[in-house]
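Contents: one structure, followed by commentary.
Because the structure is predicted, anything quoted here is derived from the model rather than measured.
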Amino acid sequence: MSGKKRPEIWSYISWGFIALFALILVYPMFGILKQSVFNEEGVFTLEQFQKFFSQKYYSGTIINSFEVTVAVTAVTLLLGIPFAYFYSFYQIKGAKLLFVVSILCCMSAPFIGAYSWIMLLGRSGVITQFVKDLTGLRLGSIYGFGGILLVQSLKFFPLVFVYMNGAFKSIDNTLIEASANMGCTGVKRFFTVIMQLSMPTILAASLLVFMRAFADFGTPLLIGEGFRTFPVEIYNQYLGENGTNHNFAAAISVIAVVITALVFFLQKWATGKYNFSISALHPIQKKKPKGVGGVLMYLYCYLLVAIAFMPQVYIIYLSFRNCDGAVFKPGFSLGNYEAAVKKLLVRSIDNTLLFGVISLAVIILFSILIAYLVVRRPRPLNQTIDTLSMLPYIMPGSVIGIALVIAFGKKPLALTGTALIMIMALVIRRMPYTIRSATATLQNIPISTEEASISLGASKLKTFIKVTAPMMGNGIMSGAILSWVAIVTELSSAIILYNNRNITLTMSAYVAISRGNYGLASAFSAILTVLTALSLLLYLAITKSEDIKL
């Protein structure tokens, strides 16, 4: 008999994930790289990269994307950090409402906010016309850099709020008291103590906002006009109406991945400079807002959330207005919803829910297994799995969509146009949220609990199923709700992969907008907004939680 130790089941699972990621992620990305450096005759060439960097018309999209993304990141920090501070350190009435509404602001599809702001502040927008009729003044344009900055900042500041709320809750109150005893109070304490303790979280929130804003496709496409960005240029080169160049689109995709990877590693390096941990043995004692400062605090919080949530409310309002193409008429009816029923509404809802449920089930299963491999079996092979699973976090969705088309557009793996390729894209794109949440949760669970189960006679696999996985429940649920909402509002990869058979609510809304059918678009967008809201409320009801941890 051989004396070799027989491989256990976790080794097979590890190699299974390696094979899976090689097929659905590494192989497609290699296909993009190959298409970017080989022409139609199969000859190696760098002409596509040379074309991009030699013509300012194309290379300028890098500068544009960086300009608007850095500006959005800075503004979201300026908006989100004070909001989180007031929420975490003061007893604000209606705090739960503020939390839920602010989360809804960032969980809607990005292009819906852009579309709604066009209806409000566009050339013929309601607010634009009202101000013009009242004062004779014409407001600045919603289109271009300023419009993208406005829409994305109001959409993404809640991400900073959620991150910073968690960071502020982890600050020990004794540190605040100690700083007060040393004469450090008020604004000085905020910048020298609280902000310094929260710096790792600020950097993490900045990265998330940067990646989301940089990869946002719908907002720049709808209101960018002459201000051209990376994701839009990739789309135009791959599916544009004025001629396409797939090799050039692949080259731009490679450049996008390299840039986002550099930003990711820069953030990791910066975070390493703040390598410390704190534990709130004595949680922060919230104070009651008083005086003029208290009034300004309430005004800031409620006004900010009201402005950010206004597009969602206005979309629902428009969905009941009579409409003929791009023109809204007096009166209200269900005509837009009746038109939606005739325009694939049932199929869109069915596909959204079907793809979402299947994708989420796969994501939860994979996330539990990967988190266990990474935390409980920290071997080089499992660390490789963790790294591969996080790659989509730094990739624009359009890049992943193109990669999947290149990899699975031909026999023997011809999946283009099928539900399977849509589900693959959703799983790849949205799994990192749940993996990170599950990993963070498992790191806080003492291994002694599992050792006790094994010592009582349970196998390692049974211990994992009966003990470990249930204890990860809260972290899994928190990550799953983020993955779910991101799934049902996915646009950038779906626009590359969809057809009428596998169209989703998000795509139906976008197609209606692009065709100038604004009433129909409002109906689809309103249904999508309500679905998102119900998902969040269901999560809060099931978990009895007041927070979502990112």
Side-chain angles (χ1 to χ4, degrees), residues 7-36 211 215 250 253-254 256-258 260-261 264-265 268 355 358-410 412-416 418-440 442 464 476 479-480 482-483 486-487 490 492-494 496-497:
E8 58 180 347
I9 189 171
W10 290 108
S11 296
Y12 293 115
I13 292 175
S14 295
W15 283 109
F17 274 120
I18 289 291
L20 180 65
F21 284 131
L23 176 64
I24 67 173
L25 188 59
V26 177
Y27 171 60
M29 293 310 301
F30 178 76
I32 277 195
L33 179 60
K34 181 180 177 182
Q35 191 170 66
S36 70
M211 293 300 182
S253 300
V254 170
V257 172
V258 171
T260 50
F264 176 75
F265 287 118
K268 296 281 284 185
F355 298 166
I358 295 175
S359 299
L360 190 64
V362 174
I363 286 172
I364 290 174
L365 175 61
F366 284 5
S367 298
I368 293 174
L369 294 173
I370 291 173
Y372 185 83
L373 291 172
V374 171
V375 177
R376 293 295 190 246
R377 298 171 177 272
R379 300 167 185 170
L381 183 65
N382 294 337
Q383 294 302 321
T384 301
I385 294 171
D386 188 39
T387 301
L388 289 173
S389 69
M390 286 302 296
L391 283 179
Y393 181 77
I394 62 173
M395 294 181 191
S398 53
V399 174
I400 292 178
I402 293 173
L404 291 175
V405 169
I406 293 173
F408 304 113
K410 299 177 181 178
L413 298 173
L415 301 177
T416 305
T418 67
L420 180 57
I421 200 168
M422 291 284 287
I423 293 171
M424 285 172 59
L426 294 173
V427 171
I428 294 169
R429 285 267 288 150
R430 303 311 180 183
M431 189 163 52
Y433 294 118
T434 309
I435 289 177
R436 289 275 66 83
S437 183
T439 300
L442 186 56
F464 169 76
I476 290 292
L482 292 173
S483 293
I487 285 170
E490 174 66 19
S492 54
S493 64
I496 304 292
L497 301 170

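Remark: of the listed residues Thr434, Ile435, Val427, Ile476, Thr434 is the sole one forming a side chain to side chain contact (heavy atoms under 4.5 Å, CB included) with Ser483.
Between Ser493 and Glu490, the shortest heavy-atom contact is OG-OE2, 2.6 Å. Summarising the geometry of Ala22 relative to Pro28, their closest heavy-atom pair is O-CD, 4.4 Å, with the distance given to 0.1 Å. Minimum heavy-atom separation, Pro396 to Arg429: C-NH1, 4.1 Å. Of all non-hydrogen atoms in Leu415 and Met424, the two that sit nearest each other are CD1-SD, 3.9 Å. The two residues Ala480 and Leu360 have their closest heavy-atom pair at O-CD1, 3.5 Å. Contact between Pro378 and Val375 at its shortest, heavy atoms only, is CD-O, 3.9 Å.
With hydrogens and angles ignored, the 3.5 Å screen pairs no side-chain donor or acceptor of Gln383 with any backbone N or O of Asp386. Side-chain atoms of Thr416 come within 3.5 Å of backbone atoms of Phe408 as a donor-acceptor pair (strictly under, hydrogens ignored).
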May I have the step-by-step check of side chain to side chain contact (heavy atoms under 4.5 Å, CB included) for Val26 and Leu388, ending in yes or no? CA-CA 8 Å; Val26 177; Leu388 289 173; 3.9 Å; yes
Apply the test side chain to side chain contact (heavy atoms under 4.5 Å, CB included) to residues Val399 and Met29: give CA-CA distance (whole Å), side-chain angles for both, the deciding distance (0.1 Å), then the verdict. CA-CA 9 Å; Val399 174; Met29 293 310 301; 4.0 Å; yes
Show your reasoning for whether side chain to side chain contact (heavy atoms under 4.5 Å, CB included) applies to Phe17 and Leu369. CA-CA 10 Å; Phe17 274 120; Leu369 294 173; 3.7 Å; yes
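Inter-residue side-chain proximity for Trp10 and Arg376 is flagged as unmet; no heavy-atom pair is nearer than 4.5 Å. A heavy-atom distance below 4.5 Å is found between the side chains of Ser11 and Arg379. The side-chain heavy atoms of Ile406 and Lys34, taken from C-beta on, include no pair separated by under 4.5 Å.
Under the rule for a side chain to side chain donor-acceptor pair (under 3.5 Å), the partners of Ser14 that lie at least two apart in sequence or sit in another chain are Asn382. Under the rule for a side chain to side chain donor-acceptor pair (under 3.5 Å), Ser367 has no partner lying at least two apart in sequence or in another chain.
Heavy atoms from other residues, nucleotides or ligands lying under 6.0 Å from CZ of Phe21 number more than 12.
Atom CD1 of Ile18 is separated from atom CD1 of Ile385 by 4.5 Å, given to the nearest 0.5 angstrom. In this structure, the separation between CE on Met395 and CD1 on Ile402 is 12.5 Å, given to the nearest 0.5 Å. The line from CG of Leu373 to OG1 of Thr384 is 11.5 Å long, rounded to the nearest 0.5 Å. Rounded to the nearest 0.5 angstrom, Leu442 CG and Ile370 CD1 are separated by 13.0 Å. In this structure, CD1 on Ile32 lies 8.5 Å from CG on Leu404, to the nearest 0.5 angstrom. Put simply, CG on Leu497 and CD1 on Ile421 are 5.0 Å apart, with the number rounded to the nearest 0.5 Å.
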